[in-house]
Amino acid sequence: AVINACFDAPTLSPFSRFMHVLAFENQPTAFAGGQERSLFEVLKFLALKGASISLCFQQKGEMLERYGMFLQEAFCVKSRQLRKPFFPFLADLVRLWSKPRARNWDVLYANQYSDTPIVATLGLLLGIPVVCHLRLPCPSYLSRQYRWGLMRCARIITISNYTKNTYVNAGIPAERISVVYNGIDV
C-alpha cells in the first residue's frame, strides 16, 4: 500500500512520518536520456510531499547540483552489478549496509533493472522493500542476477502495458508489476 501511495498525490499518509527513500542511479545527468530526468522529477515530487531522499550513484553527473535542492545525502559506489572481481560489489554493499542512516531507509528505489543486483541484496540484508521503475522493455536476454533482483522487488513500476508484458514474458510475475504512465506538467 505504501509503495502504490507514493505515486498517488492526494494520499499523503505514507509521508506523515517522513518516509526515507534511497534511490539508485548510474549517473545523474540530463544528457543520457529521459529515465534520468524522470528519476529527478519522481524524487523531487516525493521530497515536496515530505519524504527524505538519498541518492546512490556510480558516476557523477551535472544534475547532482540540481538534486542538492532536496537531497539529504548523496554518495558514490564503484559497482552496482555482480561481476568478477566481486570485491567492489561486496565492498559497496558493506559500505551501504554500515551507513548510520541505513536502518532508517523505508524503501530502496532502483531506477532500472541493472540496479537490482545491489539494491535487492541490500534490501534483503536490511529487510527493506525494493521498488524498481522500468522505462525500457525487457532485454532479449535477462541474466540470472537481474532476474534474481527483479524477483525480489516488492513492486515493479513500468511506464506502459507493453513494457510490463515484456517483463511478464521474461518470467516476472504480473501481479508484482504496476503500470504508471509518465505524466506531464500542463
Side-chain angles (χ1 to χ4, degrees), residues 1-57 61 63 66-67 69-72 80 105-120 122-124 128-140 142 146-186:
V2 170
I3 307 296
N4 289 335
C6 292
F7 295 92
D8 184 6
T11 307
L12 299 179
S13 60
F15 304 111
S16 61
R17 65 171 197 85
F18 298 105
M19 179 171 61
H20 298 283
V21 178
L22 173 60
F24 289 76
E25 176 56 85
N26 179 41
Q27 182 180 25
T29 179
F31 301 121
Q35 98 178 6
E36 292 80 6
R37 291 177 184 175
S38 177
L39 175 67
F40 177 82
E41 293 299 325
V42 166
L43 296 180
K44 183 173 77 172
F45 172 82
L46 292 173
L48 287 171
K49 295 297 180 188
S52 173
I53 309 295
S54 299
L55 179 67
C56 181
F57 59 91
M63 285 186 73
R66 290 180 57 202
Y67 271 101
M69 306 183 315
F70 58 83
L71 278 185
Q72 298 295 312
R80 297 170 299 131
W105 293 320
D106 295 304
V107 66
L108 304 177
Y109 183 98
N111 198 36
Q112 55 199 349
Y113 78 89
S114 60
D115 293 331
T116 59
I118 195 167
V119 180
L122 186 62
L124 189 65
I128 300 172
V130 174
V131 173
C132 185
H133 199 154
L134 301 170
R135 295 165 186 85
L136 298 173
C138 186
S140 58
L142 193 61
Y146 301 132
R147 185 180 309 279
W148 180 88
L150 287 168
M151 293 297 282
R152 273 140 192 85
C153 290
R155 179 65 55 198
I156 298 170
I157 300 165
T158 63
I159 62 163
S160 69
N161 280 314
Y162 174 77
T163 303
K164 174 183 178 175
N165 290 334
T166 64
Y167 283 92
V168 170
N169 292 339
I172 307 302
E175 59 274 5
R176 288 207 184 154
I177 304 173
S178 296
V179 176
V180 178
Y181 299 101
N182 286 335
I184 57 169
D185 191 7
V186 288

key: Heavy-atom check, side chain of I53 versus side chain of K44, under 4.5 Å   = no

With distance as the sole test, does R37 use its side chain to make a donor-acceptor pair with the main-chain N or O of A30 at under 3.5 Å?
yes

Once the angle between the rings of H133 and Y109 is folded into 0 to 90°, is it parallel (under 30°), tilted (30 to 60°) or perpendicular (over 60°)? perpendicular

Heavy atoms, side chains only, cut-off 4.5 Å: are Y162 and P137 in contact? yes

side-chain hydrogen bond (donor to acceptor under 3.5 Å, both in side chains) filter on Y181, not counting sequence neighbours, yields N161

Rounded to the nearest 0.5 Å, the SG atom of C132 sits from the CD1 atom of I157 at a distance of 8.5 Å

> Any side-chain heavy atom of M19 sitting closer than 4.5 Å to one from V107?
Replying inline: yes

Tightest non-hydrogen contact, residues L71 and S54, listed as CD2-C, 4.1 Å

- Item | Neighbour count >12 (heavy atoms, 6.0 Å) for atom CZ, R147 | yes

I172 versus M151: any side-chain heavy-atom pair under 4.5 Å?
yes

Using only atom types and a distance under 3.5 Å, with no angle test, would you say the side chain of R152 pairs donor to acceptor with the backbone of V119? no

So NE2 of H20 and CH2 of W105: to nearest 0.5 Å the spacing works out to 11.0 Å

Correct closest heavy-atom pair for V130 and A120 would be CG2-CA, 4.1 Å

CG (L124) and CH2 (W148) are apart, to the nearest 0.5 Å, by 5.5 Å

Here the salt bridge (Lys or Arg N to Asp or Glu O under 4.0 Å) pairs for residues 159-178, sequence neighbours left out, are none

Are Y113 and I156 side-chain neighbours, meaning at least one heavy-atom pair lies under 4.5 Å? no

Any side-chain heavy-atom pair of L150 and L134 under 4.5 Å
yes

SG (C56) and CG (N111) are apart, to the nearest 0.5 Å, by 12.0 Å

Hits for side-chain hydrogen bond (donor to acceptor under 3.5 Å, both in side chains) against N165, two or more places apart or cross-chain, chain-then-number order -> none

Any donor-acceptor pair under 3.5 Å from T166 side chain to C138 backbone:
yes

In short, Y146 meets S114 closest at the heavy-atom pair CE2-CA, 3.6 Å

Sorted by chain and residue number, the ring pair (Phe, Tyr, Trp, His ring centres under 6.0 Å) partners of Y167 (sequence neighbours excluded) come out as none

- Task: Could you check F45 against F70 for side-chain contact (heavy atoms from CB on, under 4.5 Å), going step by step and ending with a plain yes or no?
- Result: CA-CA 10 Å; F45 172 82; F70 58 83; over 6 Å; no

Closest non-hydrogen atoms of V168 and I177, given as atom of the first, atom of the second and distance, are CG2-CD1, 3.9 Å

Student check: side-chain heavy atoms of L136 and Q112 closer than 4.5 Å: no

(request) Answer whether the closest heavy-atom distance between the side chains of L122 and F24 falls below 4.5 Å. (result) yes

By side-chain hydrogen bond (donor to acceptor under 3.5 Å, both in side chains), E36 pairs with (sequence neighbours left out) none

side-chain hydrogen bond (donor to acceptor under 3.5 Å, both in side chains) filter on T163, not counting sequence neighbours, yields S160

Value for CD1 (I118) from CG (L108), rounded to nearest 0.5 Å, stands at 10.5 Å

N182 meets the side chain to side chain contact (heavy atoms under 4.5 Å, CB included) criterion, sequence neighbours left out, with S38, I159

